[in-house]
Amino acid sequence: AMAMDAELGGSPMDRLSTPMDTQPPAISHVQSRVKLVEPRAHRLPWHVMWTITLVTAVGMAILNFVTIWSMRKLVGWKFHLMQLMTDMGGVTVGTITLVGCACCTATMCTCLIFKVAPDAGSSGAPENKGWLNGSSPNPHGGSTLKHLAVRGLATILGNASGYPVGREGPTVTMGSNFAFIVTDFLAARHVRQWVDIDNLGSGCTPALMVDEERMAHAKRVACAVGGACGMAMIFDAPMGGILYMFEEVTAICWPLELTFRAFVGTIVCALLSRALLNGVGTDIKAFVIYEWSPQRHAWDWWDVPYFVLLSAVMGTFSALHTKICLQVGVLRQQAMKALEMFNPTNKMVEAVMYAALCALTSSLVAQMGRCEPLRTGASVEFVRYNCGEGEYNPVASLLLTTSEAAVNLLFSRKNAGSIHPINALLAFCAYTCLNIGLTGVPVPSGNFTGTMLIGGLVGRMTGAVAESLNFAGPAVSGVYAMVGSAAMLCGFKRMSMAVVVFVATAANDFNLVPPLMLSVVVSLILSKFFLSRGYDEEQLIRRKVAFLEPEPPHKMDRLLALDLYDKLPPEARLMEEAWAADVDKALRTDVTDFPVLKRGGVCVGFTTRERLEAALQACAQRGQQEAQQGGFLGGETPGGGLIGAGRSEGAQQSDEGVFERLISDSIVSSFGAIPAGAKLPVGRLVDPVPYTILEEMPAPRLYALFAKAGVSTACVVSETGKFQGMISRQGLIQHSRRLED
């Protein structure tokens with residue numbers, strides 16, 4: 001190995017960062033064994049990672065522009081048509097028009113999802129969280145260009161259908177998906193290396209290996225940047241996007257380099273998104289939650305007791321809201337399972353019918369609102385619906401519009417008294433019921449804006465009551481709506497800093513940070529008291545997404561390492577020099593990391609499924625080439641004879657006869673025929689410094705290695721150093737889930 005490294009010139013790390021072709025290189029560029037770097041490092045050239053960062057930011061700005069522009073056009077067209085038909089034929093005709101438009105866009109949305117990419121029929125947020133935290137080896141559900149396109153179009157159509165949702169969850173997933181594709185395209189050539197798998201040294205059999213750990217780390221860094229860009233665009237808050245991803249990824253899995261990359265990516269994305277919208281004659285503030293009403297004193301001490309009471313109510317209600325949502329999801333899953341014979345038609349019909357229900361309910365409840373005269377300089381966000389010219393319907397202004405527009409209306413500090421508490425109560429009951437009932441419907445949906453709207457409605461009612469009692473301070477009902485939104489959102493999402501930054505940025509008033517932080521503290525304490533896990537954490541478990549919690553479950557305190565072994569089939573244990581037939585048997589199991597042993601039962605390291613497949617494929621290709629040339633593949637037969645000596649001089653056997661004999665003495669693998677006596681130097685493909693754990697080690701001590709040190713696989717040994725078993729991250733997650741259940 002040292003001689004080959006000297007022949008190649010340069011350090012192994014320099015060669016790891018050199019672009020590689022997929023065609024076999026010259027022998028001087030083939031390594032003697034796999035070269036690995038430290039855990040949680042990508043070691044990519046600086047220009048490659050910065051290119052990925054900037055391309056991700058620019059791409060997300062363009063995607064955001066297309067998404068919000070298309071969404072605004074579709075939604076505007078739908079409500080304009082509804083208003084036109086209402087003026088021409090009355091409320092009944094307007095309601096039928098609204099329901100018809102909702103059914104049309106919902107049908108297109110569901111057909112696109114189920115016919116092209118069924119995995120894109122959700123926000124993808126829980127799966128994305130598991131991937132970003134390093135618990136999943138690959139993104140659950142796929143991160144292909146097809147998933148990106150389908151989720152983007154379905155998000156536009158779903159919001160246009162009138163579902164009580166936002167676009168935050170799908171947008172974050174789309175950002176990670178886009179970054180995943182960009183990284184895969186730009187970085188793949190830099191994490192490849194050619195390794196010689198010839199066993200006897202009589203020739204060179206190069207196999208193309210990919211350092212999966214380096215590639216995964218680079219993708220996670222880029223995906224976090226993509227997700228931060230997505231959230232930054234929705235609220236026009238770059239710092240909020242960074243904090244959101246920081247809380248989503250957790251500090252344990254947040255590399256130092258990611259902070260500055262996310263900082264650069266979000267500001268580039270925000271500036272470019274603003275420039276694109278300005279280029280078509282509009283402004284970013286027309287598409288985000290934003291309220292401009294500067295006040296010198298937005299609140300006083302007299303408002304604090306009301307803020308605390310409101311936060312306590314919303315913290316308790318957020319736990320109840322989460323429980324009901326999860327129960328609705330279970331009931332819907334059971335109903336769909338009973339109708340499984342009609343799958344996916346049953347799910348498509350249900351999604352379309354629910355869109356019709358949302359449109360019908362919103363229209364009927366809006367008719368219960370009393371028309372009010374428009375005030376001078378009133379906001380354009382008010383909806384007229386069934387009222388005459390110069391009037392507006394306050395309930396329709398909250399229900400027959402986008403969730404962002406409704407939140408803007410609630411946050412406004414210029415329209416005090418424009419929304420009576422009774423009207424806010426009607427909108428609250430209708431929207432909350434529809435929001436809860438949406439759980440499990442196969443459309444890309446985000447609950448960020450929806451929960452903000454629910455909290456804002458309660459806050460608006462509380463503010464109006466406080467004003468009527470003449471006990472409140474200078475805070476108007478719009479400030480109470482912001483406090484209620486922050487309390488509801490943090491209780492549902494279990495986030496703190498990001499929520500405060502988003503709401504304060506939307507209010508354009510950082511004087512509100514103290515009451516917002518107070519509301520978050522009170523709400524989170526009560527929400528966690530009544531419900532230990534939030535909605536996203538519950539979804540991780542119910543969807544069986546791989547996710548390793550930062551702390552071990554309490555029931556693991558009494559266990560030892562020997563209680564946490566993975567179920568390892570005997571054929572998954574490989575020797576340093578293994579028969580090709582044994583490697584093929586190992587690959588037929590569902591194991592992803594294989595322990596490699598030497599004589600005496602000592603583990604020398606772990607190798608991955610991808611490396612073994614690459615080696616076996618190279619072996620099969622070498623055998624086919626030599627068979628066609630009339631030779632044999634170098635190796636040793638089980639009986640001790642050598643394969644690869646070639647034909648003896650004077651042999652008269654035809655090439656066809658040689659080929660037939662080779663085939664008869666071969667094993668059939670998924671990569672083709674391999675000579676039965678071929679051996680593979682598996683020891684060259686391992687990570688030679690495995691983490692070792694004594695079998696008597698307490699489980700909480702080894703748990704920290706996986707949860708905080710980023711270990712993916714460790715071998716368990718006896719006191720004499722003999723291999724006893726292995727513990728993988730996936731296996732530890734399964735043990736933790738069983739203990740929690």
Side-chain angles (χ1 to χ4, degrees), residues 240 243-244 247 289 291 295 297-325 407 410-413 416 419 421 424-425 427-429 431-432 435 447-469 471-507 509-536:
L243 289 175
Y244 175 88
E247 296 194 62
I289 298 175
E291 199 276 327
Q295 289 178 291
H297 299 290
W299 61 280
D300 203 348
W301 290 108
W302 290 103
D303 297 301
V304 173
Y306 293 98
F307 291 159
V308 173
L309 178 62
L310 173 61
S311 303
V313 171
M314 297 316 301
T316 305
F317 180 76
S318 65
L320 177 63
H321 177 270
T322 301
K323 286 184 177 180
I324 298 176
C325 284
V407 173
L410 294 173
F411 281 9
S412 177
R413 286 175 272 180
I419 302 177
L425 179 62
F428 169 79
C429 295
Y431 190 88
T432 302
N435 180 267
N447 284 313
F448 217 87
T449 309
T451 50
M452 287 181 69
L453 178 55
I454 293 172
L457 288 167
V458 178
R460 191 83 182 198
M461 288 186 286
T462 305
V465 172
E467 290 175 5
S468 65
L469 295 176
F471 289 136
V476 296
S477 54
V479 175
Y480 280 87
M482 298 174 197
V483 173
S485 288
M488 180 66 187
L489 181 57
C490 74
F492 186 81
K493 294 291 292 183
R494 300 299 169 90
M495 289 185 171
S496 55
M497 294 184 294
V499 171
V500 173
V501 172
F502 281 136
V503 177
T505 303
D509 188 355
F510 281 88
N511 291 322
L512 294 173
V513 168
L516 291 176
M517 292 180 67
L518 176 63
S519 69
V520 166
V521 170
V522 175
S523 177
L524 269 179
I525 291 175
L526 289 174
S527 179
K528 290 183 178 181
F529 176 78
F530 290 108
L531 189 64
S532 59
R533 287 191 291 260
Y535 182 80
D536 288 347

Least distance between heavy atoms, [X] atom then [Y] atom:
| X | Y | result |
| --- | --- | --- |
| L512 | A507 | CD1-CB, 3.8 Å |
| A498 | G240 | CB-O, 4.3 Å |
| M461 | A424 | CG-CB, 3.5 Å |
| M314 | S523 | C-OG, 4.2 Å |
| A486 | V503 | CB-CG2, 4.2 Å |
| F307 | V479 | CZ-CG1, 4.0 Å |

Inter-residue atom distance [X].[atom1] - [Y].[atom2], 0.5 Å rounding:
| X | Y | atom1 | atom2 | answer |
| --- | --- | --- | --- | --- |
| L309 | T462 | CG | OG1 | 7.0 Å |
| L489 | I454 | CG | CD1 | 10.5 Å |
| L457 | R460 | CG | CZ | 9.5 Å |
| Y535 | K493 | OH | NZ | 9.5 Å |
| L310 | L518 | CG | CG | 10.5 Å |
| L526 | T316 | CG | OG1 | 4.5 Å |

Using side-chain heavy atoms (C-beta onward) and a distance below 4.5 Å, is [X] in contact with [Y]?
| X | Y | answer |
| --- | --- | --- |
| C490 | M495 | no |
| N435 | N447 | yes |
| S485 | F411 | yes |
| V458 | M488 | no |

Please report the C-alpha distance between R413 and M482 in whole Å, then the side-chain angles of each, then the deciding distance to 0.1 Å, and finally whether the side-chain contact (heavy atoms from CB on, under 4.5 Å) criterion is met.
-> CA-CA 10 Å; R413 286 175 272 180; M482 298 174 197; 4.0 Å; yes
Are more than 12 heavy atoms from other residues, nucleotides or ligands located less than 6.0 Å from atom CE of M517?
->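 No.
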Where the side chain of [X] meets the backbone of [Y], is there a donor-acceptor pair that is under 3.5 Å apart?
| X | Y | answer |
| --- | --- | --- |
| D509 | N511 | yes |
| S527 | G491 | yes |
| S318 | G315 | yes |

Using side-chain contact (heavy atoms from CB on, under 4.5 Å) as the criterion, list what pairs up with [X], not counting sequence neighbours.
| X | answer |
| --- | --- |
| A504 | F510, V513, L516 |
| K528 | R494, L524 |
| S311 | V483, A487, S519, V522 |

Audit row: T505, F502, side-chain contact (heavy atoms from CB on, under 4.5 Å) steps and yes/no | CA-CA 5 Å; T505 303; F502 281 136; 5.9 Å; no
Over 60° means perpendicular and under 30° means parallel, so classify the ring planes of F317 and F428, tilted if in between.
-> tilted
Return the orientation label for the Y244 and F448 ring planes: parallel under 30°, perpendicular over 60°, tilted otherwise.
->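 It falls in the perpendicular class, over 60°.
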